[in-house]
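Notes follow the structure.
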Amino acid sequence: HKIDTHGGYFEGDFINKTIYQLAFFGFDGLLNLDEPDKTEQLNQFSAKYQEKKIQVILSPARLN
């Protein structure tokens, strides 16, 4: 029996896609580059992950 210390967070398609996007495209790869309002993009980003019950902590440097 394998113990999953992460509660299955890394088994879903959504989080796997997110991990690969971060690895290959960086944080900007998760955002809509066509949308000029970065604050709105970050709000949408946060809402999307809250909906999936994933806690995201962004660096203040991302708000510049």
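Numbers here simply count residues along the sequence, with the first being 1.
- A distance of 6.5 Å separates CG in Asp13 from CG in Asn16, rounded to the nearest 0.5 Å.
- Side-chain heavy atoms closer than 4.5 Å link hydrophobic residues (I, L, V, M, F, W, Y) into clusters, and following such links, even through other members, never connects Tyr20 to Tyr49.
- There is a path of hydrophobic side-chain contacts, each under 4.5 Å, that joins Leu22 to Phe45.
- Counting non-hydrogen atoms of neighbouring residues, nucleotides and ligands closer than 6.0 angstrom, the CZ atom of Phe14 exceeds 12 such neighbours.
- Going from atom OG of Ser46 over to atom CD of Gln55 covers 10.0 Å, rounded to the nearest 0.5 Å.
- The distance from atom OG1 of Thr18 to atom NZ of Lys52, rounded to the nearest 0.5 Å, is 9.0 Å.
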